[in-house]
Amino acid sequence: MQLNSRNRTLDLARPVVMGILNVTPDSFSDGGAYVETARALDHALGMVEQGAAIVDVGGESTRPGADPVDEREEMARVLPLIEALRAHSDVFISIDTIKPRVMREACAAGADMINDVMALRAPGALEAACDTQAAVCLMHMQGQPRTMQKAPVYDDVVADVRSFLGARVAACRDAGIDDSRICLDPGFGFGKTLEHNLALMRNLHAFVGDGYPVLVGVSRKSMFVKLHGHDDMSSRIHASVTSAFWAATQGAGIIRSHDVAHTVEALTLAAALADN
Ligand SMILES: Nc1nc2[nH]c(SCCc3ccc(S(N)(=O)=O)cc3)nc2c(=O)[nH]1
């Protein structure tokens with residue numbers, strides 16, 4: 001299994017880790033944009049050192065309740081970082097954005113993949129993905145980040161999400177995006193209750209069976225709080241790494257994580273146990 005972009009091919013014979021790099025202004029730092037870029041670059045190179053095969057750069061939070069960020073501000077955050085990272089590393093770079101202009105500029109700056117939580121539904125997004133020849137991640141979200149966790153409802157969450165992703169794949173094909181550039185993502189926590197998230201985790205093999213690399217993003221998400229009945233960072237990290245191990249055993253291709261070293265170790269163990 002591989003994932004292609006115009007300039008690079010990602011080998012997915014074994015599951016890989018996508019390291020998360022949020023380039024949102026740290027309200028505690030007074031160093032301004034330059035310090036932000038330097039710090040973000042250090043963090044990105046550290047994740048590559050720890051074994052991340054992809055660095056996912058995001059300039060607009062899509063967590064529940066998040067306020068939108070305008071295009072100029074988002075590009076001001078992510079473009080310097082992508083240019084700097086490209087100059088220092090050959091790592092696969094993805095841009096976590098829903099805006100076509102940001103997709104185009106990020107790919108021009110060196111990004112290889114468009115990670116779109118809206119699955120290229122914004123006007124112009126399909127054209128941007130086609131023109132840039134980037135790899136694309138199509139993710140399912142019910143509603144919008146601001147309101148998606150209020151009262152998510154499905155007839156059958158697994159069937160509904162698979163059907164949505166199938167329709168988005170068809171739209172990509174119609175737009176001239178080659179299958180070898182597409183990966184799919186159930187969108188954990190994007191308009192899902194704990195029960196919905198668990199049903200999707202339990203049925204990851206069905207998504208894998210649809211024939212595209214599957215990306216899983218549960219890192220540090222609140223789904224684990226209700227399951228464990230308490231909330232602290234170490235418990236969220238343990239649950240995230242354990243989920244990464246499970247997802248790898250089910251055939252997931254890409255694990256999106258804040259905690260790269262721990263997740264690489266979990267995937268290494270999963271691979272060792274799978275070798276028969
Ligand atoms: N492909 C892909 N891209 C992603 N980008 C993000 S940002 C996380 C936004 C968030 C935070 C927290 C919760 S919650 N309420 O479940 O704790 C939901 C969403 N995530 C993903 C993901 O999964 N895939």
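Ligands are counted one by one from 1 in listed order, and the atoms in each one are counted from 1 as well. Each residue takes its place number in the sequence, starting with 1. Just so we're clear, the structure is a prediction, and the values are computed from it rather than from any experiment.
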Ring centers of Phe190, His140 separated by less than 6.0 Å: no

Identified side chain to side chain donor-acceptor pair (under 3.5 Å) counterpart of Asp112 within the set Arg6, Arg181, Arg86, Gln133: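 Exactly one candidate clears the test, Arg86.
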
Donor-acceptor contact present, side-chain Arg220 to main-chain Arg236, <3.5 Å: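 Flag not set: sc Arg220 to bb Arg236 has no pair under 3.5 Å.
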
Residues Asp67 and Arg146 bridged, charged N to O under 4.0 Å: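 Salt bridge between Asp67 and Arg146, a charged N being under 4.0 Å from a carboxylate O: no.
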
Candidate pair Asp90 and Arg8, rule salt bridge (charged side-chain N to carboxylate O under 4.0 Å, His left out), full reasoning: CA-CA 9 Å; Asp90 198 35; Arg8 282 175 182 77; 2.7 Å; yes

Cluster companions of Met18 among Ile, Leu, Val, Met, Phe, Trp, Tyr (side-chain spacing under 4.5 Å):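 Direct or chained contacts put Met18 with Met1, Leu3, Leu10, Leu12, Val16, Ile54, Phe92, Met113, Leu215, Ile254.
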
Inventory of protein N or O atoms under 3.5 Å from ligand 1 N or O:
unit_1, atom_1, unit_2, atom_2, d
ligand 1, 1 (N), Asn115, OD1, 2.8
ligand 1, 1 (N), Asp185, OD2, 2.8
ligand 1, 3 (N), Asn115, ND2, 3.1
ligand 1, 5 (N), Asp96, OD2, 3.0
ligand 1, 5 (N), Arg256, NH2, 3.4
ligand 1, 15 (N), Ser222, OG, 3.3
ligand 1, 17 (O), Ser222, N, 2.6
ligand 1, 17 (O), Ser222, OG, 3.0
ligand 1, 20 (N), Lys221, NZ, 3.2
ligand 1, 20 (N), Arg256, NH1, 3.4
ligand 1, 23 (O), Gly217, O, 3.1
ligand 1, 23 (O), Lys221, NZ, 2.8
ligand 1, 24 (N), Asp185, OD2, 2.6

